[in-house]
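Following: one structure in structure tokens, then a few remarks.
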Protein chains: 2
Amino acid sequence: MTETTDPGRLGPEHRELLGQVLDKWSLEVLDRLCERPRRFNELRRAIPAVTQKSLTATLRRLERNGMVEREIVSTRPVGVEYRMTPLGKTLQGLIDALLEWSATRLPEVNRARDRFDDAEREAEQGSVSR
Amino acid sequence: MTETTDPGRLGPEHRELLGQVLDKWSLEVLDRLCERPRRFNELRRAIPAVTQKSLTATLRRLERNGMVEREIVSTRPVGVEYRMTPLGKTLQGLIDALLEWSATRLPEVNRARDRFDDAEREAEQGSVSR
DNA sequence: CAGAATCCCTCTGGATACTG
DNA sequence: CAGTATCCAGAGGGATTCTG
């Protein structure tokens, strides 16, 4: 290592970017849109827990960051379709990996949480704080 | 099972888990701890923007989720060392990929943001809303 | 050194109602 | 259908002060 100059160094811009892309609903929205383009209410139904307001905000943010595209479809009641941009598609592998990781590791994490919470409760009863 | 049954379907637990692991400071903390174990103030210095409170909260959360371990080192003023657990290390590849993605794609994202913001400003001036 | 405890304030996000 | 507009409560996070 010829002087790695501290490789972990990330600027605030990177934190912000990842924050916008990885927030509460973005992952699921992106995951859905990776499958195929979707309309607004289609997305809502696909992600029942999201509110209309949050979904709108999420989509706007993703659109602003160049991850998704919005197209107005001149059908009868008028529809709006969202689809991944080429830039957004560069995320697909990462998204898949994240979702898969969370799916496979959740049991272990739950056990870890139980252990932690138990130890904490003990500590409260006994005298050992932190 | 060949029968993917709507592959994107993630439960609230997965959302929550990823939320805890991918939040504002976790990524950077984990990235640092992947390099080597670190002490508390060492981490603070490595991530100047984080406050003591947020760092404490982040570490506690990561510890609770089984991602990092905390060990009290009986040196003179007493030290506390944080290190990745085996479970936490399963994240390393993902973290690297995310940080690299954000580093390489940031310029494109910035251009997309500029385009978006310009279009928005135009729309405000003209009559075309959304 | 490594936090815990407080105060305080912003910002997110839910619920609800309305519109082109 | 696909949003916008309000209202509002609650969590998150910063700054500061104190401690074993």
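This is a predicted model, so every value here is computed, not measured. These numbers come from the heavy atoms of this one structure, side chains and all, not from hydrogens, waters or symmetry mates.
Rounded to a whole Å, the CG atom of A:L55 is 10 Å from the C1' atom of D:dG3. Atom CZ of B:R44 is separated from atom P of C:dC1 by 10 Å (rounded to the nearest Å). Residue B:D23 contributes atom CG, which lies 18 Å from atom P of C:dC11 at whole-angstrom precision. The distance from atom CD of A:E63 to atom C1' of D:dG3 is 13 Å, rounded to the nearest whole Å. We find that CH2 of A:W25 is positioned 11 Å from C1' of C:dG14, with the value rounded to whole Å. Atom CZ in A:F40 sits roughly 18 Å away from atom P in C:dG20 (whole-Å rounding). The distance between atom CZ of B:R60 and atom C1' of C:dA5, rounded to the nearest whole Å, is 13 Å. The nearest whole Å value for the distance from the CG atom in B:L22 to the P atom in D:dG12 is 16 Å.
Considering only side-chain atoms of A:R39, the nucleotide from D:dA2, C:dA4, C:dC1 that sits closest is D:dA2. Taking every side-chain heavy atom of B:S54 into account, D:dG13 is the closest of D:dG13, C:dT16, C:dA2. The A:V80 side chain lies nearest to D:dA2 when the options are D:dA5, D:dG14, D:dA2. Here the side chain of A:K24 is nearest to one of D:dA15, C:dG13, C:dA4, namely C:dG13. The nucleotide whose nearest atom lies closest to any side-chain atom of A:N41 is, among D:dT16, D:dA2, C:dA17, D:dA2.
Minimum interatomic distance between A:A46 and A:R32 (heavy atoms only, all atoms of both residues): O-NH2, 3.2 Å.
Map B:P77 and A:R61 each onto its nearest nucleotide of DNA chain C; the residue landing nearer the 5' end is B:P77. Along DNA chain D, the nucleotide closest to A:L59 and the one closest to A:K53 are compared, and the more 5′ of them pairs with A:L59.
In terms of phosphate contacts, A:Y82 brings a side-chain nitrogen or oxygen within less than 4.0 Å of OP1 or OP2 of D:dG3. Neither OP1 nor OP2 of D:dG3 sits under 4.0 Å from any side-chain N or O of A:T56. Side-chain nitrogen and oxygen atoms of B:R38 include none within less than 4.0 Å of the OP1 or OP2 phosphate oxygen of C:dA2.
Counting only heavy atoms from C-beta outward, the side chains of B:Y82 and B:V29 never approach each other to under 4.5 Å. Put simply, the side chain of A:R36 reaches to within 4.5 Å of the side chain of A:E42, judged on heavy atoms.
Classification of A:R111 and A:D114 as a salt-bridged pair fails, no side-chain N sitting under 4.0 Å from a carboxylate O.
Between the side chain of A:E42 and the base of D:dA2, no donor-acceptor pair of N or O atoms lies under 3.5 Å.
For the 3.5 Å distance criterion, the side chains of A:T56 and A:Q52 qualify, holding a donor opposite an acceptor.
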